[in-house]
Amino acid sequence: VESHLRKINDGSPSGLIAVMTSYWEDTNTTRQIHLYHNITGNWPLCTAELDVKFTSPGGETLHSETLTFDIIRSIT
């Protein structure tokens, strides 16, 4: 499981905002994935997109639908 956060419609190296830490909660009991990044203070304020890439042990890959959202300034 892997996921990248990018500026919307920007597949160039400069469009990469973050490589998300991603892992399965428990592959035996749930289909829940955790995605997070500890350092968000330097993220640009922009519209971003994120999807999840799944790779089987045999090397076959599938992608989730792309999620689009706005990164905004926050005080928390």
Side-chain angles (χ1 to χ4, degrees):
V1 178
E2 74 181 76
S3 182
H4 293 171
L5 178 64
R6 300 191 150 279
K7 295 176 186 174
I8 193 164
N9 299 321
D10 188 346
S12 72
S14 64
L16 179 65
I17 297 171
V19 175
M20 305 299 290
T21 299
S22 52
Y23 63 91
W24 287 99
E25 172 69 24
D26 181 346
T27 57
N28 294 321
T29 61
T30 185
R31 294 184 180 183
Q32 184 173 358
I33 297 170
H34 288 267
L35 302 173
Y36 70 94
H37 196 276
N38 286 335
I39 303 170
T40 60
N42 61 348
W43 286 7
L45 304 180
C46 66
T47 301
E49 58 189 359
L50 173 128
D51 69 356
V52 179
K53 178 181 170 184
F54 303 90
T55 305
S56 74
E60 182 180 347
T61 60
L62 296 171
H63 291 266
S64 70
E65 290 186 30
T66 301
L67 173 68
T68 302
F69 58 94
D70 292 321
I71 299 172
I72 61 172
R73 185 181 312 270
S74 177
I75 59 169
T76 56

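Keep in mind the model is a prediction, meaning the values are calculated, not measured.
Contact annotation: the side chain of Ile17 approaches that of Cys46 to within less than 4.5 Å [non-hydrogen atoms, C-beta and beyond].
At least one donor-acceptor pair closer than 3.5 Å links the side chain of Ser56 to the backbone N or O of Glu60.
Rounding to the nearest 0.5 Å places CE of Met20 at 12.0 Å from CD1 of Ile33. Taken from CZ in Arg6 to CG in Leu16, the straight-line distance is 5.0 Å, to the nearest 0.5 Å. Rounding to the nearest 0.5 Å gives a distance of 3.5 Å between CD of Glu25 and NE2 of His34. Here CD of Glu2 is found 8.0 Å from NE2 of His63. Values are rounded to the nearest 0.5 Å.
Ring geometry for His37 versus Trp43: interplanar angle of 30 to 60°, hence tilted.
Put simply, Val52 and Val19 are part of two different groups of oily side chains (I, L, V, M, F, W, Y) that touch within less than 4.5 Å, one to the next. Put simply, Tyr36 and Leu67 are part of two different groups of oily side chains (I, L, V, M, F, W, Y) that touch within less than 4.5 Å, one to the next.
Closest approach of Pro44 and Lys7 over heavy atoms only: CG-CE, 4.0 Å. Nearest heavy atoms, Val1 versus Ser22: O-OG, 3.2 Å. In terms of heavy-atom proximity, Ile71 sits nearest to Leu5 at CD1-CD2, 4.3 Å.
Among residues two or more places apart in sequence or in another chain, the side chain to side chain donor-acceptor pair (under 3.5 Å) test is passed with Asp70 by Thr47.
Residue Thr66 is tested with Ile8, Asp51, Leu50 for a side chain to side chain contact (heavy atoms under 4.5 Å, CB included); the sole match is Asp51.
By the neighbour-count criterion of 12 heavy atoms within 6.0 Å, atom CD1 of Ile39 is sparsely surrounded, having that number or fewer from other residues, nucleotides or ligands.
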